[in-house]
Amino acid sequence: FTLSCIFVYLFMVGDYGNTEEHPLPSKYDNSTAAERFKWIVTDRGDSALAFKADYLIKWGARYLPYIKERNEHWRWFSNMLLHEGASHCFTNMLMFFTLSYHLERKYGWWRVGFVIVLAGVGGNFVSAMFEDQCNVYVGFSGVCFGLFGLFVADIVLNYETVRKPKTKIILVGLFMLIMVAQIIM
């Protein structure tokens, strides 16, 4: 999952600026993906690390009007692989990797995989009930929060068998604070 999200983000960076809706400035004609990434990170004026909403929709962001009117139900899944910017992708993947590494070693990839899909889709459905239906939503945060719940439950229920539980709780709590701060910003 981590590699999938990173590869999709890098493909989006490589594609950004190649369309009529999102043209590159003339100084980036015939540029490489690395130069486009530099443009996205440094030269964009509005929000330095974020793709525009219509570009995210093109790639498969959760956008309820398209899900309802066009029956594009695949958006319930595809939005989890997309990230609006480098910091969003980095913090989601760092949190996901930290949690899933511990949990997969203990419970196996197929059990944790089930929780990942359930948390991702379930988080999408729950958040869709409370959020503005005309906004665009992307990211792996729902999965991260679901894994965090499983991680905390594992530590609470199996406290005696977990190595350095206080350190793990503090570390993951720190990541959660970073994610919540990013969501607020």
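Hydrophobic clustering of Ile, Leu, Val, Met, Phe, Trp and Tyr side chains at less than 4.5 Å, counting indirect connections, keeps Leu3 apart from Phe97. Under the 4.5 Å side-chain contact rule for hydrophobic residues, Phe145 and Tyr101 do not share a cluster. Val115 and Val156 end up in the same hydrophobic cluster when Ile, Leu, Val, Met, Phe, Trp and Tyr side chains are linked at under 4.5 Å. Put simply, Leu174 and Leu147 are part of two different groups of oily side chains (I, L, V, M, F, W, Y) that touch within less than 4.5 Å, one to the next. One hydrophobic cluster, built from ILVMFWY side chains closer than 4.5 Å, cannot hold both Phe114 and Val126; they sit in different ones.
Cys144 and Asn92 make their closest contact through SG-O, 3.4 Å (heavy atoms, listed as atom of the first residue, atom of the second, distance). Considering every non-hydrogen atom in both Ala119 and Gly146, the closest pair reads CB-CA, 3.7 Å. In plain terms, the two heavy atoms of Gly120 and Val143 that are nearest each other are CA-CG2, 3.5 Å. Between Leu56 and His83, the shortest heavy-atom contact is CD2-O, 4.1 Å. Taking all atoms of both residues into account, the shortest heavy-atom contact from Leu99 to Phe148 is CD1-N, 3.6 Å. Taking every heavy atom of both residues into account, Cys5 and Cys89 meet most closely at O-SG, 4.2 Å.
Among residues two or more places apart in sequence or in another chain, the salt bridge (charged side-chain N to carboxylate O under 4.0 Å, His left out) test is passed with Arg70 by Glu72.
Aromatic ring pairs are classed by plane angle as parallel below 30°, tilted from 30° to 60° and perpendicular above 60°; the pair His102 and Phe151 is perpendicular. The aromatic rings of Phe125 and Trp76 are tilted relative to each other, their planes meeting at an angle between 30° and 60°.
Within the 4.5 Å cutoff, the side chain of Met95 has no heavy atoms near those of the Ser141 side chain. Taking 4.5 Å as the limit, every side-chain heavy atom of Leu150 sits out of range of all side-chain heavy atoms of Arg111. For the pair Val112 and Lys106, the minimum side-chain heavy-atom distance is 4.5 Å or more. Inter-residue side-chain proximity for Leu103 and Tyr107 is flagged as met; some heavy-atom pair is nearer than 4.5 Å. Looking only at side-chain heavy atoms (C-beta outward), Glu84 and Val136 stay at 4.5 Å or farther from each other.
Without hydrogens or angle criteria, Arg62 side chain to Arg75 main chain gives no donor-acceptor distance under 3.5 Å.
Met12 contributes atom CE, which lies 10.5 Å from atom CG of Leu81 (distance to the nearest 0.5 angstrom). Between Lys58 atom NZ and Lys52 atom NZ the span is 13.0 Å, to the nearest 0.5 Å. Atom NE2 of His88 is separated from atom CE of Met93 by 8.5 Å, given to the nearest 0.5 angstrom. Leu64 contributes atom CG, which lies 11.5 Å from atom CE of Met129 (distance to the nearest 0.5 angstrom). Distance check: Asn71 CG to Tyr66 OH gives 14.0 Å after rounding to the nearest 0.5 Å.
Checking each of Phe140, Tyr137, Trp59 against Leu82 for a side chain to side chain contact (heavy atoms under 4.5 Å, CB included) leaves exactly one that passes, namely Trp59.
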